[in-house]
Amino acid sequence: KQEVTQIPAALSVPEGENLVLNCSFTDSAIYNLQWFRQDPGKGLTSLLLIQSSQREQTSGRLNASLDKSSGRSTLYIAASQPGDSATYLCAVSAMDSSYKLIFGSGTRLLVRP
Amino acid sequence: DAGVTQSPTHLIKTRGQQVTLRCSPISGHKSVSWYQQVLGQGPQFIFQYYEKEERGRGNFPDRFSARQFPNYSSELNVNALLLGDSALYLCASSPDSGGYGYTFGSGTRLTVV
């Protein structure tokens, strides 16, 4: 059974700091891995999607990496801003059930001005 | 283009009652998925419907049911509500049944008292 874990559960950093969020998964037979952002009480916004054959994806100040063999992904946020404050969720889909996203519990990020 | 629309945004129900949640996907998207997000946790997969057929079901009791209409909109029904059903219910649409291209709605906040 696939399990997704995110560490840390919460993180508070001063504005301008570079930071890394971690995601680990137990079964390496994934179809893809996605990072989402969720603002309080809101839906999810897709940030980055990494196909199983890829190693990383970049969008603006965000960079996500994938290491299937070790079951890990990282989300790197450069030059953090208060507007980055949100919960960041990692989700994987399996090769045999690609329609189903399995989420971690998220990392709650606070960027202090 | 309008995003994924969910209604109602908030709902309060009494234990034992029944509830129907509604979702309108992005125009052209043929797949709708439903997720339950309990406070402090990541979303849990409930159903996926594609072309009006159930393509996948998560580990939820039979009290949960769903359907998809010819215009690809969807309803999620929950019978005999329990206090533990209190959660944010998220709908996601995607172009097909694969594990990418998801757009999430803002969710319906269900409170069972």
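Reminder, nothing fancy here: chain letters follow the sequence lines and each chain counts from 1. From a predicted model like this one, the values you see are computed outputs, not experimental measurements. Side-chain atoms are counted along with the backbone in the values below, which use heavy atoms only and exclude waters and symmetry mates.
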Quiz item: If two hydrophobic side chains count as joined below 4.5 Å and joins carry through other members, does A/V92 share a cluster with A/L21?
Solution: yes
Quiz prompt | Considering all heavy atoms, the nearest B/P43-A/L44 contact | solution = CG-CD2, 4.2 Å
Quiz prompt | Check against ring-ring contact (aromatic ring centres under 6.0 Å, His included), A/F36 and B/Y102 | solution = CA-CA 10 Å; A/F36 293 88; B/Y102 287 104; 7.6 Å; no
Quiz prompt | Min side-chain heavy-atom separation B/L88-A/Q38 under 4.5 Å | solution = yes
Quiz prompt | Inter-residue atom distance A/T87.OG1 - B/Q37.CD, 0.5 Å rounding | solution = 8.5 Å
Quiz item: How long is the span from the CG atom in A/L89 to the CZ atom in B/F104, to the nearest 0.5 Å?
Solution: 9.0 Å
Quiz item: When hydrophobic residues are tied together by side-chain contacts of less than 4.5 Å, even through go-betweens, does A/L48 share a cluster with A/I77?
Solution: yes
Exercise. Check B/S33 against A/Y99 and note the closest heavy-atom contact, atom names and distance.
Key: OG-O, 4.5 Å
Quiz prompt | Rounded distance [0.5 Å steps], OG in A/S97 versus CD in B/Q48 | solution = 10.0 Å
Practice problem: Kindly check if the number of other-residue, nucleotide or ligand heavy atoms within 6.0 Å of CZ (A/R37) is above 12? | Solution: yes
Quiz item: Which value, rounded to the nearest 0.5 Å, describes the distance between A/K100 atom NZ and B/R57 atom CZ?
Solution: 12.5 Å
Quiz item: Under a 4.5 Å heavy-atom cut-off, does chain A meet the side chain of B/Y35, its backbone, both or neither?
Solution: side chain
Exercise. State plainly whether one hydrophobic cluster holds both A/L19 and A/L75, where clusters connect Ile, Leu, Val, Met, Phe, Trp and Tyr through side-chain heavy atoms under 4.5 angstrom apart.
Key: yes
Quiz item: Which answer fits B/Q6, side chain, backbone, both or neither, if we ask what part of it has an atom under 4.5 Å from a heavy atom of chain A?
Solution: neither
Quiz item: Linking I/L/V/M/F/W/Y whenever their side-chain heavy atoms sit closer than 4.5 Å, directly or via other members, would B/L81 and B/F64 fall into one cluster?
Solution: yes
Quiz item: If you count the non-hydrogen atoms of other residues, nucleotides and ligands that lie under 6.0 Å from CZ in A/R55, is the total more than 12?
Solution: no
Exercise. Establish whether B/L21 and B/L83 are linked, either directly or via other cluster members, by ILVMFWY side-chain heavy-atom contacts under 4.5 Å.
Key: yes
